[in-house]
Colleague: 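The structure is given below, and queries will be raised subsequently.
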Number of protein chains: 2
Amino acid sequence: MSKPKQVTIVDVAEAAGVSIATVSNVLNRGGIRSSKETIRKVEQAAERLGYRRNTMAAGLSRKKTYELGLIVPGLNGYYGLLAEHLQVEAHNAGYHLSVFSSGGFDPEIERRNLEVLLQRRVDGLICHGLAMGFESTRSIVNSGTPLVLINGWDWPEDIAIGAVNLGFATASEQSVKLLADGGCKKIIYVGSKKAKAVDEQRRIGFLRGVELVGTGIDYDLTDIKEIEVEAFIHNLHGSLTPPVGLVAFDDHIALRLLSAAMKMGIDIPNDLKIVGINNDYIAQHSYPGLTSWDIPYTYQAKKAIGKLLRKLQNSAEQKLAADQEKESLDEAREIDVPLTLIERQSTKTL
Amino acid sequence: MSKPKQVTIVDVAEAAGVSIATVSNVLNRGGIRSSKETIRKVEQAAERLGYRRNTMAAGLSRKKTYELGLIVPGLNGYYGLLAEHLQVEAHNAGYHLSVFSSGGFDPEIERRNLEVLLQRRVDGLICHGLAMGFESTRSIVNSGTPLVLINGWDWPEDIAIGAVNLGFATASEQSVKLLADGGCKKIIYVGSKKAKAVDEQRRIGFLRGVELVGTGIDYDLTDIKEIEVEAFIHNLHGSLTPPVGLVAFDDHIALRLLSAAMKMGIDIPNDLKIVGINNDYIAQHSYPGLTSWDIPYTYQAKKAIGKLLRKLQNSAEQKLAADQEKESLDEAREIDVPLTLIERQSTKTL
DNA sequence: CTGTTAGCGCATTCAG
DNA sequence: CTGAATGCGCTAACAG
């Protein structure tokens, strides 16, 4: 009970009366065949002694860790769920995913996390665009570690080639269309600039949407930081016929807008329509329910892990030029992950 | 660019013209002094060659990984934030925290995660009570790996001695008092049995609260799974004078209750008062604002990591009986982390 | 099939 | 203060 004294393959070997190589073979190398008898003996001995393979030793020896690293800005909301799904996919592929939060957007912490990951000799890295600085990202690529970016729209071509991005732009664009179709003559985007590239995508999509629905639409773009929510809604109050449409940065901001409107007794969705993004729990359970865009976590995770694994193979197998060619067709550009609209009472009467 | 060829201390050593031992000393062992000159040479060489210590090799050699493991039921909401804070505290203490989600409460996944962690030879483990099965937990303890439980009220004494628990019971109890003081004559707990021990704590506290406020209070306990929220609120509708009080399992459930009530045009907080737990983003931004209990993440994380580190020391230093004695005073029972009430419009008119 | 051997990259005595 | 030697636990050829 005091000194459980690590049991190693050596112990198992002599307990089973075979060599350590044999133990290694039967225990953690499916490829090499052994006689039924030895297999049984070894497995039995291992079981009895409570043997547990030492990951470090194995990794050191085979020069591959089967560990992947993930760096996200935080572990709340979208990030947490994303991390969870990525972890599952990684595990399914036989890899371990080490999750790191860069604590907001602190470049200091980011550097440290990266260093830790690299020192662990992770086989590959998945990073959220928002969590990474240009410098460090460059250094990863240089270090030779395969990298896949998530939501990294604003990255240089050579890096972004491994990006898996959510289709926020299209979602925003369609939000505008939805609101316009719903009779809104004035449509406003309430964003969150501190989310940088993520916010930028929304803005791009919003403007595209405005263009799409043509003239006759009055529009505006604001930032949640720059407005006082209640005052903002209050100002709208006078001009709610025809209805005004609000495209919110996400469901959280949508909820704030919604709350302020409710407080003022504004009729939703008849006088004011709101659409969020994320389809969080709150979107389904607020009153009125919030129209929002659902994120396909599993899909995105699969894509990201899949892409990374393919990169791993390529960097390992040192492929021929011909193969490289073929592959580039598949991996040429970043992957776009489409969201799907979930309509609720904040935009339509049931 | 193709084969960055791992640079090792050997490379650094010859580049600096010293032995590998010296390199190891100056690079990762503050304790051993070296001449200013060698230090400079070594650091310079390391820098130039882009040396990065191999965690596995180091760990293998010194038989300590400086890695801690965390197993939580998921990475959403509370869990995600907790993980994030624990990670920070761990890093501050010079450790790396590997976060695992046991994917809901799947015992299968839990076993696998545990196995991975143990194979990595983590120095210690932090587990959320809800994420663990009895079997596996027992096996951890037996494996000799120090363990700290989070929210593990329902565990046997010998394991729970390393627990850091949130004071949900007290929070619920005080919620009842708050509602009673607010004039509620009927108070109902709307729980979530699937949250097992966590829900149980709330129930215990709730009942304690009922007892505390004495007679004259009509109370009831229900489960979110067993009611249809709107129907539930509807039933209350007739008997809202004096006001009814609702103690919700968490802010999410509180939001649902709130939404249903709003939809029905019930006057909150005059006819119906609601209090949640967690003080989530939604609690502050819903309308009306939700009275809730704030969770001291940093505090809990500090306590948990601190406790684990102390256990690490003890198991390493093989302390004398006398020391063990002294320590047990400090660590005798599980630590209780108190929440703090944040009152908003769902219980009081501003 | 199974055993022997040579590292993987680093920390750590123990001499010098 | 510095260097040579030993081993951590395991994998990967290579022989037998």
Side-chain angles (χ1 to χ4, degrees), chain A residues 3-43 45-46 49-67 94 118-123 316, chain B residues 3-43 45-46 49-67 94 118-123 316:
Chain A
K3 284 285 170 201
K5 201 61 195 126
Q6 281 291 353
V7 5
T8 76
I9 51 174
V10 176
D11 303 320
V12 178
E14 58 188 34
V18 297
S19 80
I20 64 168
T22 304
V23 174
S24 178
N25 281 342
V26 10
L27 252 31
N28 11 26
R29 222 153 30 134
I32 285 69
R33 313 203 57 66
S34 302
S35 76
K36 286 272 181 238
E37 179 56 11
T38 21
I39 292 186
R40 199 188 51 70
K41 281 195 306 189
V42 171
E43 286 181 335
L49 271 52
Y51 169 74
R52 198 166 269 142
R53 189 240 286 270
N54 183 321
T55 307
M56 295 176 292
L60 223 209
S61 174
R62 64 175 138 184
K63 293 165 148 315
K64 175 152 167 70
T65 57
Y66 285 98
E67 174 171 359
L118 260 21
Q119 289 187 181
R120 299 186 81 76
R121 298 297 188 271
V122 291
D123 292 336
Chain B
K3 285 283 170 201
K5 201 61 195 125
Q6 280 292 354
V7 3
T8 75
I9 51 174
V10 177
D11 302 321
V12 178
E14 59 188 36
V18 297
S19 80
I20 65 168
T22 303
V23 175
S24 178
N25 280 343
V26 10
L27 250 32
N28 11 24
R29 218 151 37 129
I32 285 67
R33 314 203 55 67
S34 300
S35 73
K36 286 273 183 238
E37 180 55 10
T38 13
I39 293 187
R40 199 187 51 70
K41 280 194 305 187
V42 172
E43 286 180 335
L49 271 52
Y51 169 74
R52 197 167 270 144
R53 178 236 225 103
N54 184 321
T55 306
M56 295 177 292
L60 224 210
S61 173
R62 66 176 136 182
K63 292 162 150 318
K64 175 152 167 73
T65 57
Y66 285 98
E67 174 171 0
L118 259 20
Q119 288 186 181
R120 298 185 83 75
R121 299 296 189 273
V122 291
D123 293 335

Colleague: Check whether any side-chain N or O of B/Thr55 sits under 3.5 Å from a backbone N or O of A/Gln119 as a donor-acceptor pair, and report yes or no.
Modeller: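 Side chain of B/Thr55 to backbone of A/Gln119, a donor-acceptor pair under 3.5 Å: yes, one is there.
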
Colleague: Shorter than 3.5 Å, N or O on both sides, protein versus nucleotides 8-11 of chain D: list them out with atom names.
Modeller:
from: D/dC8; atom 1: O3'; to: B/Lys63; atom 2: NZ; distance (Å): 3.4
from: D/dC8; atom 1: O2; to: B/Ser61; atom 2: N; distance (Å): 3.4
from: D/dG9; atom 1: OP1; to: B/Lys63; atom 2: NZ; distance (Å): 2.9
from: D/dG9; atom 1: N2; to: A/Ala57; atom 2: O; distance (Å): 3.3
from: D/dC10; atom 1: OP1; to: A/Tyr51; atom 2: OH; distance (Å): 2.4
from: D/dC10; atom 1: OP1; to: A/Asn54; atom 2: N; distance (Å): 3.3
from: D/dC10; atom 1: OP2; to: A/Ile9; atom 2: N; distance (Å): 2.6
from: D/dC10; atom 1: O2; to: A/Ser61; atom 2: OG; distance (Å): 3.4
from: D/dT11; atom 1: OP1; to: A/Arg53; atom 2: NH1; distance (Å): 2.3
from: D/dT11; atom 1: OP2; to: A/Ser24; atom 2: OG; distance (Å): 2.6
from: D/dT11; atom 1: O4'; to: A/Ser61; atom 2: OG; distance (Å): 2.5

Colleague: Between P on C/dC1 and NZ on A/Lys41, what's the gap in Å once rounded to a whole number?
Modeller: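 In whole Å, C/dC1 P lies 15 Å from A/Lys41 NZ.
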
Colleague: Could you tell me how far apart B/Leu27 (CG) and D/dT2 (P) are, to the nearest whole angstrom?
Modeller: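 The distance from CG of B/Leu27 to P of D/dT2 comes to 14 Å, rounded to the nearest Å.
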
Colleague: Indicate whether OP1 or OP2 belonging to C/dG3 is found under 4.0 Å from a side-chain N or O atom of A/Thr22.
Modeller: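 Yes, A/Thr22 has a side-chain N/O under 4.0 Å of OP1/OP2 on C/dG3.
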
Colleague: Counting the atoms with a prime plus P, OP1 and OP2 as sugar-phosphate, which does B/Val23 contact under 4.0 Å by heavy atoms, base, sugar-phosphate, or nothing?
Modeller: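 The residue B/Val23 makes no contact with any strand.
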
Colleague: Report, one line per pair, each donor and acceptor closer than 3.5 Å where one atom sits in a side chain of residues 7-16 of chain A; sequence neighbours left out.
Modeller:
from: A/Thr8; atom 1: OG1; to: A/Val10; atom 2: N; distance (Å): 3.0
from: A/Asp11; atom 1: OD2; to: A/Thr8; atom 2: N; distance (Å): 2.8

Colleague: Could you give the CZ-to-P distance, from A/Arg120 to C/dC10, as a whole number of Å?
Modeller: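 Taking CZ of A/Arg120 and P of C/dC10, I get 15 Å after rounding.
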
Colleague: Tell me, please, which residues at least two apart from A/Tyr66 pass ring pair (Phe, Tyr, Trp, His ring centres under 6.0 Å).
Modeller: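 Applying ring pair (Phe, Tyr, Trp, His ring centres under 6.0 Å) to A/Tyr66 gives A/Tyr95.
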
Colleague: Give, for atom CZ of B/Arg121 and atom CZ of A/Arg52, the distance between the pair rounded to the nearest 0.5 Å.
Modeller: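 Answer rounded to 0.5 Å: 7.5 Å.
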
Colleague: Of the non-hydrogen atoms in A/Leu60 and B/Leu60, which two are nearest, and what is the gap between them?
Modeller: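 The pair with the smallest heavy-atom distance is CD1-CD1, 3.8 Å.
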
Colleague: Would you indicate, yes or no, if C/dT2 has its OP1 or OP2 atom less than 4.0 angstrom from a side-chain nitrogen or oxygen of A/Ser35?
Modeller: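 Checking C/dT2 against A/Ser35, a side-chain N or O does come within under 4.0 Å of OP1 or OP2.
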
Colleague: Taking the side chain as every heavy atom from C-beta outward, state whether B/Val42 and B/Val18 have any pair of such atoms under 4.5 Å apart.
Modeller: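 The answer is yes; the side chains approach within 4.5 Å.
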
